[in-house]
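Read the structure below first, then the notes.
Throughout, protein chains are lettered first and strands after them, A, B, ... in sequence-line order, and every chain is numbered starting at 1.
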Protein chains: 2
Amino acid sequence: MNKKSQLTNSQIIQAALSVAAEKGAGKVTLDAVAKVAGVSKGGLIYHFPSKEALISAMVQHLLDEAECQRTQQERTESSTLTAVLQTRAHFTRQIAGNTAMAILAAAAEQPALLQPVKQHNKDVLQQIQAEHGNALQATLLLLASEALIYHDLLNLSPFTAAERSALEQQLVQQARELQV
Amino acid sequence: MNKKSQLTNSQIIQAALSVAAEKGAGKVTLDAVAKVAGVSKGGLIYHFPSKEALISAMVQHLLDEAECQRTQQERTESSTLTAVLQTRAHFTRQIAGNTAMAILAAAAEQPALLQPVKQHNKDVLQQIQAEHGNALQATLLLLASEALIYHDLLNLSPFTAAERSALEQQLVQQARELQV
DNA sequence: ACAAAAATACCGACCGGTTGGTGCAGTAAA
DNA sequence: TTTACTGCACCAACCGGTCGGTATTTTTGT
């Protein structure tokens, strides 16, 4: 029953994501997740032996998804930096609702659970720095883009949708100019 | 006993800050805070009638402190943007430990508690945009600086201390060049 | 000036509810 | 027979918050 098991597995993660998004980061409880996933609590524990394991899987899932979208975008972009900026410009808000609270839940629960995210960011940064002669400037552009994400994460964005689009566009443009 | 009351009040907030920093955002409980503050739970509740009130006060305290440091820096800087960047470069890491988890605690508990932070950011942004002809570029610099803070916040920084200093220096320099 | 009264600051046992997690008997499918 | 669960009772720990009571300070009446 490997297939059904995998299915249930991803159902649970999706449920965890949606609980985080709808009820808030502090409300991701095993009971709530099990209920939304349509699984008994015992079933949940069968798949993820602890809450920590569940949240860790949640974070990993998010990371895999981001990675997937980025590599997809890289086919039509000329550098990693522009690919990242474009991906973020297009997909951020659609994922934001889910991602935000999930990350927050992880951070609140046990900060160490964000370690994979850190590693991922580090990898991306190194790749970008290697591609550009002006690594410092490339890094600044990447940072500005990250700040926009963090704004979504904590719902702290002071920008209107228009302002935000302008910023994203500007970032991509400057990134393109940076290429030699 | 107004003075002693105020003292206890700030002791409690300090305790809440240190609990958040040392134990993590998810461990800010009334019992833990009371214990660190050297106050009974009843005493804590006397000062802050609910956990929400406590965390709200915590956030406000942080905001006031940041505001104070910034206005202090503004005396020796020629623009709000450079003042902000300088302040962040010098003080971020020393506050980071406390601030980080406090903000996270607020976010996880009830996202609405971050509303004052949002307003504060908005005000700063508007002031900066009004001061610069190239508002877009000024905003990008501000954003990059914010990303560095968020890195501290979630302990996600991929930079070494040296890299980080270089980035901060670069930001200030570009901000100075932006002034006309 | 001084005691009675009132307001303030604080204690800590206690309560109802929640949480993460266990244990186990049973079952349907592979 | 193994895998993948269900369903439910149960648990210890913990959580936010209440409540009755107490010590101390301030206000007030005389």
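- Whole-Å rounding puts the B/Ile45 CD1 to C/dC11 P distance at 13 Å.
- Mapping A/Asp31 and B/Asp31 onto DNA chain C by nearest heavy atom places B/Asp31 closer to the 5' end of the strand.
- Contact between B/Leu44 and B/Ala34 at its shortest, heavy atoms only, is CD1-N, 3.6 Å.
- As rounded to whole Å, 14 Å separates atom C1' of C/dC10 from atom CZ of B/Phe48.
- The shortest distance between the side-chain N/O atoms of B/Tyr46 and the OP1/OP2 oxygens of C/dC10 is not below 4.0 Å.
- The NZ-P distance, from B/Lys41 to D/dG21, rounds to 20 Å in whole Å.
- Of the possible polar contacts, none joining the B/Gln129 side chain to the B/Thr139 backbone as a donor-acceptor pair under 3.5 Å is found.
- Under 4.0 Å is where a charged nitrogen must lie from a carboxylate oxygen, and between B/Lys118 and B/Asp123 no such pair does.
- Here D/dG17 is the nucleotide among D/dG17, C/dC11, C/dG21 with the atom lying nearest to any side-chain atom of B/Leu30.
- Between the A/Glu163 side chain and the A/Thr160 main chain, a donor and an acceptor come within less than 3.5 Å of each other.
- Residue contacts for B/Val33: at a heavy-atom cut-off of 4.0 Å it reaches no nucleic acid atom on any strand shown.
- Atom-to-atom, NZ of A/Lys35 to P of D/dT6 comes out at 15 Å; the value is rounded to the nearest Å.
- Residue B/Thr8 has its side chain nearest to C/dC10 when only C/dC10, D/dT6, D/dT18 are considered.
- Taking atom NZ of residue B/Lys27 and atom C1' of nucleotide C/dT19, one finds them 13 Å apart after rounding to whole Å.
- As judged by a 4.0 angstrom heavy-atom cut-off over every strand, A/Gly38 is placed among residues touching the sugar-phosphate backbone only.
- More than 12 heavy-atom neighbours from other residues, nucleotides or ligands sit within 6.0 angstrom of CD on A/Glu67.
- Side-chain proximity of B/Lys51 to the nucleotides D/dG7, D/dG17, C/dG21 is greatest for D/dG17.
- One interatomic measurement links the two molecules: CG of B/Leu7 to P of C/dT8, which rounds to 19 Å at whole-angstrom precision.
- When each of D/dC15, C/dC10, C/dG21 is scored by its nearest atom to the side-chain atoms of B/Thr29, the top-ranked nucleotide is D/dC15.
- Note: CG (A/Leu44) to P (C/dT19) measures 14 Å, nearest angstrom.
- Applying the 4.0 Å criterion to OP1 and OP2 of D/dA4, one finds that A/His47 has every side-chain N and O outside that range.
- Atom P of nucleotide C/dT19 and atom CD of A/Glu52 are separated by 19 Å, given to the nearest angstrom.
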